[in-house]
**Q** 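I'd like to ask you about the structure that follows.
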Amino acid sequence: MIEITARDGATNARRGNLILPHGTVETPTFMPVGTNGTVKAILFSALEKMGYRLILGNTYHLYLRPGMEILKGAGGLHQFTGWEHNFLTDSGGFQVFSLSQLRKITPEGVRFQSHIDGSRHLFTPESVSEVQEFFRSDIQMVLDVCTPPGIEHREAEDALKITTDWAKRAYKRWEQRDPSYEGLIFGIVQGNFYKDLRKRSAEEICSIDFPGIAIGGLSVGEEKEVFKEYLYYTAQYLPDEKPRYVMGIGTPDYMLEAVEAGIDIFDCVYPTRVARNSSVFTDQGIIALKNERFKNDFGPIDPECTCPVCRQFSRAYIRHLFKTREILGPMLTTEHNLHFMYRLMERTRESISAGTFKSFKADFLDRYYRGDK
RNA sequence: GGGGAGGUUCCCGAGCGGUCAAAGGGGGCAGACUGUAAAUCUGUUGCUUCGGCUUCGAAGGUUCGAAUCCUUCUCUCCCCA
């Protein structure tokens, strides 16, 4: 559940505490993505030190490797990985989307082939909930059908219907969980880029008493203006008293839009993925450290940043690490980017409490877009 | 001293008479990345006033035409003495 501790007033932005089995998470919050039970290129201890209390794991990947036997044997994801705070686990719905050539959706569930060894598997809303229970996931996500922009209304509606049906089945299965398992389950709104379908999906999903609601199917290749339009449009139908989660967004501009729309949680591979490709966030935009112009730049990534990386290492050195393909390069940029994201959320929360979110967002984005890196 | 192999665009390396400014790697440069099949992928990499111009160790030669054939020189590596 979520307790709202402050509201911005001028916008729908809100601050709160998300109470979960492995501790409270301050919202709005960004979740780093840890697909395989690790946030790539960084230690849990570093995440913890930054302040992260909730990260994402992936059902699809963990189910395939190491597999259920090992995860059950370990006693769940926390025990297996050593991450002592919360895990939200994605259902595999997105992999059904992104690995579309390897799967077939039926009303029963999704049949798919492993991208690793081609082996055949079936995910149903029930089985996916059960798997996530075995993970001892703090927030499990329902299996859903995520669709790309540009499809016909008819096709989007079909996906919506299946998503709603699966949501009901998943919720029912979750209600029958083992009493010792305290994890929550979130429903996911779909509806593609059709307003009637978004509204309908939101109403159908919200009619089920999920402890939290996610907006899915955004940031799947549509234009930013379209993203914003459907974000705000969909968010208005979500219940105020429940945690709200927009799946798959993670650039400062998208995140601040989501906060303004009243969203509490987001996740994204972006900050960690681009970090491994040498891009780093600063208040003045994103820069690619592998670029030649940084070879003699002995200053920190971001002079305003207080992270350990910025205190100790220069742009020129990190560029050198990337040019030489040293593993430390991605490690340092990942740490910086996650620190940046945490700080951005922290500043966002502070501005909501102060009632200055609107101007904080405007000022931040003004500098961010202006560049001057 | 004798015998053999070879010098290709930043590097390695293919090419062995025209379709070659020259395959393929590497390196360089740039771009992309948004519920992670990603420490990945894509583009580009002689000069150009875009008509061309210069380039395959050097200099000559054969040919309509040469990185590719011939001669000499030069350098490198290997084997034998």
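Hydrogens, waters and symmetry mates are skipped; everything else that's a heavy atom, side chains included, is used. Note on naming: letters A, B, ... go to the chains in the order of the sequence lines (proteins, then strands), and numbering restarts at 1 for each one.
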**Q** Return yes if the base of B:G35 and the side-chain atoms of A:D144 contain a donor-acceptor N/O pair under 3.5 Å, otherwise no.
**A** yes

**Q** Assess whether atom NZ of A:K242 is packed by more than 12 heavy atoms of other residues, nucleotides or ligands within 6.0 Å.
**A**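 Enclosed: over 12 neighbouring heavy atoms sit under 6.0 Å from NZ of A:K242.
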
**Q** Using a 4.0 Å heavy-atom cut-off, does A:D267 contact any base of the nucleic acid, only the sugar-phosphate backbone, or nothing at all?
**A** sugar-phosphate

**Q** Please encode protein proximity along nucleotides 37-42 of chain B as a string of B, S and -, counting only heavy-atom distances under 4.0 Å.
**A** BBBB--

**Q** Does any nucleotide pair with B:U40 by Watson-Crick or G-U wobble geometry, both distances under 3.5 Å, and what is it?
**A**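 With both distances under 3.5 Å, B:U40 matches B:A32.
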
**Q** Looking only at atom P, what distance separates B:A22 and B:U76, rounded to whole Å?
**A** 33 Å

**Q** Checking all strands, does A:T272 fall into the base, sugar-phosphate, or nothing category for heavy-atom contacts under 4.0 angstrom?
**A**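 Here A:T272 touches the bases of the nucleic acid.
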
**Q** Could you state the atom-to-atom distance from CG of A:L218 to P of B:G35 in whole Å?
**A**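 Going from CG in A:L218 over to P in B:G35 covers 12 Å.
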
**Q** If I take atom CD1 in residue A:I265 and atom C1' in nucleotide B:U34, what distance separates them, rounded to the nearest angstrom?
**A**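 Checked: the CD1 to C1' distance equals 17 Å.
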
**Q** What distance, rounded to whole Å, do you find between the two C1' atoms, one in B:G26 and one in B:U74?
**A**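 The answer is 29 Å between these two C1' atoms.
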
**Q** Distance check, C1' atoms only: B:G25 and B:G13, in whole angstrom units.
**A** 8 Å

**Q** From B:G35, B:U36, B:U34, pick the nucleotide closest to the side chain of A:I188?
**A**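 Nearest to the side chain of A:I188 among the choices is B:G35.
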
**Q** What is the nucleic acid contact for A:E326, judged by heavy atoms within less than 4.0 Å: base, sugar-phosphate only, or nothing?
**A** nothing

**Q** Looking only at atom C1', what distance separates B:G24 and B:A14, rounded to whole Å?
**A**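 Going atom to atom, C1' in each nucleotide, I get 7 Å.
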
**Q** Could you state the CG-C1' distance from A:L289 to B:G31, rounded to the nearest angstrom?
**A**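 Computing the A:L289:CG to B:G31:C1' distance gives 16 Å.
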
**Q** Any pair with a residue in residues 106-115 of chain A that passes salt bridge (Lys or Arg N to Asp or Glu O under 4.0 Å), sequence neighbours left out, goes on the list, sorted by first then second residue, please.
**A**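 Non-adjacent pairs meeting salt bridge (Lys or Arg N to Asp or Glu O under 4.0 Å): A:E108-A:R111.
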
**Q** Report the base-pairing partner of B:U68 (Watson-Crick or G-U wobble, both distances below 3.5 angstrom), or none.
**A**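 Base partner found: none.
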
**Q** When you compare B:U54 with B:A67, how far apart are their C1' atoms, in angstrom units rounded to a whole number?
**A**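 Taking atom C1' in both B:U54 and B:A67, they lie 14 Å apart.
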
**Q** Using side-chain heavy atoms (C-beta onward) and a distance below 4.5 Å, is A:I213 in contact with A:R244?
**A**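 The answer is no; the side chains never approach within 4.5 Å.
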
**Q** Write down the distance between CG (A:D90) and C1' (B:G35), rounded to a whole number of angstrom.
**A**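 Result: 4 Å.
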
**Q** Round to the nearest Å and state the distance from A:L338 atom CG to B:U36 atom C1'.
**A**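 After rounding, the reported distance stands at 13 Å.
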
**Q** Give a yes or no on this: more than 12 heavy atoms of other residues, nucleotides or ligands lie within 6.0 Å of atom CD of A:E175.
**A** yes

**Q** What is the distance from CD of A:Q132 to C1' of B:G35, rounded to the nearest Å?
**A** 12 Å

**Q** Given the C1' atoms of B:U8 and B:A66, what is the spacing between them in whole Å?
**A**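 So the two C1' atoms sit 14 Å from each other.
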
**Q** Looking across every strand, which nucleic acid part, if any, lies under 4.0 Å from A:L88 by heavy atom: base, sugar-phosphate, or nothing?
**A** nothing

**Q** At 4.0 Å (heavy atoms only), tell me whether A:R103 reaches a base, stays on the sugar-phosphate, or touches nothing.
**A** nothing

**Q** Please pick, from B:A30, B:U36, B:C33, the nucleotide with the shortest atom-to-atom distance to any side-chain atom of A:V269.
**A** B:U36

**Q** Name the pairing partner of B:U63, where a pair is Watson-Crick or G-U wobble with both distances under 3.5 Å, or state none.
**A** none

**Q** Partner lookup for B:U9, please. Criteria are Watson-Crick or G-U wobble with both distances under 3.5 angstrom; report none if nothing qualifies.
**A** none

**Q** Tell me, please, whether A:F322 has A:K290 positioned over its six-membered ring: NZ or CZ under 6.0 Å from the ring centre and within 45 degrees of its axis?
**A** no

**Q** How should the glycosidic conformation of B:A37 be described, syn or anti, under the criterion that syn lies within 90° of 0?
**A**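 B:A37: syn glycosidic orientation.
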
**Q** Just how far, in rounded Å, is P of B:U34 from CD of A:E257?
**A**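 Between P of B:U34 and CD of A:E257: 19 Å.
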
**Q** Are A:Y245 and A:I215 packed together at the side-chain level, in the sense that at least one heavy-atom pair is separated by less than 4.5 angstrom?
**A** no

**Q** Between atom CE in A:M255 and atom P in B:G35, what is the gap in whole Å?
**A**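 My rounded result for the distance is 13 Å.
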
**Q** Is A:E84 atom CD crowded by more than 12 heavy atoms from other residues, nucleotides or ligands, each under 6.0 Å away?
**A** no

**Q** Between B:C16 and B:C56, how many Å separate the two C1' atoms, rounded to a whole number?
**A**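 Approximately 12 Å lies between the C1' atom of B:C16 and that of B:C56.
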
**Q** Is the centre of the A:Y63 ring less than 6.0 Å from the centre of the A:H121 ring?
**A**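 So the answer is yes for these two rings.
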
**Q** Name the residue from A:F281, A:Y270, A:F30 that meets the ring pair (Phe, Tyr, Trp, His ring centres under 6.0 Å) definition with A:F340.
**A** A:F281

**Q** Strictly by Watson-Crick or wobble contacts shorter than 3.5 Å, is anything paired with B:G1, and which nucleotide is it?
**A** B:C80

**Q** Using the six-membered ring wherever Trp is involved, compare the ring planes of A:F112 and A:Y60 and label them parallel, tilted or perpendicular (cut-offs 30° and 60°).
**A** tilted

**Q** Considering only atom P, compute the distance from B:G18 to B:G65 and round it to an integer number of Å.
**A**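 The answer is 15 Å between these two P atoms.
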
**Q** Quick one: does A:E292 reach the base of B:G31 with a side-chain donor-acceptor pair under 3.5 Å?
**A** no

**Q** Which part of the nucleic acid does A:G217 contact within heavy-atom distance under 4.0 Å: base, sugar-phosphate only, or nothing?
**A**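 Base contact - A:G217 has a heavy atom under 4.0 Å of at least one base atom.
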
